[in-house]
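Following: one structure in structure tokens, then a few remarks.
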Amino acid sequence: MSLENVAVVLSRPKLSENIGTAARAAANMGLGRLIVVQPFRLEEEIMMAAATRAGQELIRTLTVFDDFDQALAGFHFVVGTTARRGSKRGPFHTPRQAAPGLIQAARENRVALVFGAERSGLTTDELRRCQTVVCIPTASASTSSLNLAQAVLVLGYELLLARNQAPPERLEYKPAPVSELQDMYDHFQRTMVRIGFLPEDNTEHWLMSFKRLFNRTGLTHGDCNLVRGMCRQIDWAVDHGRPTHSNEDEP
Ligand code: SAH
């Protein structure tokens with residue numbers, strides 16, 4: 001099994017050189033695709049930095065998006081990476097902990113490894129859109145920030161090792177694409193606010209507990225429909241009053 005189904009997504013990278021070296025690192029480890037969201041600029045040195053033929057091929061087939069969510073819409077698993085630990089940004093996994101599950105998922109699904117901008121990294125909001133958050137351990141908190149391409153290399157390396165260790169088993173379910181999950185969470189959030197279960201301010205924070213729960217099990221297309229069906233019924237009950245079931249036939 002190759003890592004063709006695993007893509008590297010760079011969000012708002014500033015330096016073309018970093019895009020090139022990230023492409024080289026991704027190619028070194030056999031990752032299949034490179035996507036860039038809102039690059040600051042794409043200059044000539046990108047090709048020089050990509051250096052190898054395989055790295056340059058990833059640059060040639062690079063896809064550029066204006067929108068973070070759109071870039072991730074077609075993926076089934078999204079992994080965010082961060083050097084910055086914060087109580088609202090985790091739970092955190094090391095690349096080694098995350099790798100076996102990702103290899104299993106990548107067997108038949110599309111997996112995105114998302115990396116942030118050189119200085120600011122991924123925002124908390126962007127990390128909340130990821131199903132897993134990976135933080136590469138470093139010697140101390142003050143030295144936690146790796147260069148972008150080095151971070152790509154470490155993740156790719158761990159995936160390569162995990163892939164070589166054992167043939168991955170099939171996932172027991174077919175995960176819903178991320179765009180469908182996002183629509184479901186949006187609907188769930190609106191409905192839960194309507195009935196006062198989630199507070200109107202800072203809903204994202206409270207929604208995180210549900211995302212953690214759902215991420216532990218993984219959701220299929222049918223699961224998303226189930227949650228949305230439940231929300232539609234609650235919306236209906238809020239608008240029309242509590243529905244009464246006819247029990248005329250019951251004794
Ligand atoms: N202070 C930034 C560092 C940005 S470095 C932050 O919040 O992460 C650019 C990118 O490289 C980060 O957004 C992340 O995607 C990746 N990266 C750097 N160091 C990392 C680490 N220790 N673990 C995981 N990813 C890391």
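Predicted model only: the values in this text are computed from it and were never measured. Note that ligands are numbered from 1 as they come in the structure, with each ligand's atoms numbered from 1 the same way.
- Under 4.0 angstrom from ligand 1, there are no non-hydrogen atoms of Pro137.
- Judged purely by distance below 3.5 Å, without hydrogens or angles, the side chains of Arg89 and Thr124 pair a donor atom with an acceptor atom.
- The shell of residues lying under 4.0 angstrom from ligand 1, judged by heavy atoms, includes Ser120.
- At a heavy-atom cutoff of 4.0 Å, ligand 1 is contacted by no atom of Gln150, backbone or side chain.
- Between the side chains of Ser16 and Glu45, no donor N or O sits under 3.5 Å from an acceptor N or O.
- When only non-hydrogen protein atoms are considered, atom 12 (C) of ligand 1 lies nearest to Gly116 N, 3.9 Å.
- There is no side-chain donor-acceptor pair under 3.5 Å between Thr61 and Arg33.
- Atom numbering of ligand 1 starts at 1 in the shown order; those under 4.0 Å from a heavy atom of Phe115 are 15 (O).
- Looking only at protein heavy atoms, the nearest one to atom 1 (N) of ligand 1 is Arg119 O, 3.5 Å.
- Within the structure, the closest approach of Ala117 to ligand 1 falls below 4.0 Å when heavy atoms are considered.
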Anything under 3.5 Å between a donor and an acceptor, one on a side chain of residues 208-215, the other on a protein residue two or more places apart or in another chain? List them.
unit_1 : atom_1 : unit_2 : atom_2 : d
Ser209 : OG     : Trp206 : O      : 3.4
Lys211 : NZ     : Arg128 : O      : 3.2
Asn215 : ND2    : Gln131 : O      : 3.4
Asn215 : ND2    : Lys211 : O      : 3.2

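- Because its NZ or CZ atom is not both nearer than 6.0 Å to the ring centre of Phe40 and within 45° of the ring axis, Arg12 does not count as a cation-pi partner of that residue.
- In the hydrophobic cluster analysis, where Ile, Leu, Val, Met, Phe, Trp and Tyr join through side-chain heavy atoms closer than 4.5 angstrom, Val152 is grouped together with Leu3.
- Asp223 meets the side-chain contact (heavy atoms from CB on, under 4.5 Å) test with Leu219, Thr220; sequence neighbours excluded.
- Scanning Ile136, Leu113, Val154, Thr143 for the heavy atom closest to atom 21 (C) of ligand 1 points to Ile136.
- Closest to atom 20 (C) of ligand 1 among all protein heavy atoms lies Ala83 CB, 3.6 Å.
- The protein atom (non-hydrogen) at minimum distance from atom 16 (C) of ligand 1 is Ala151 CB, 3.6 Å.
- For Val134, every heavy-atom contact with ligand 1 shorter than 4.0 Å involves the backbone, none the side chain.
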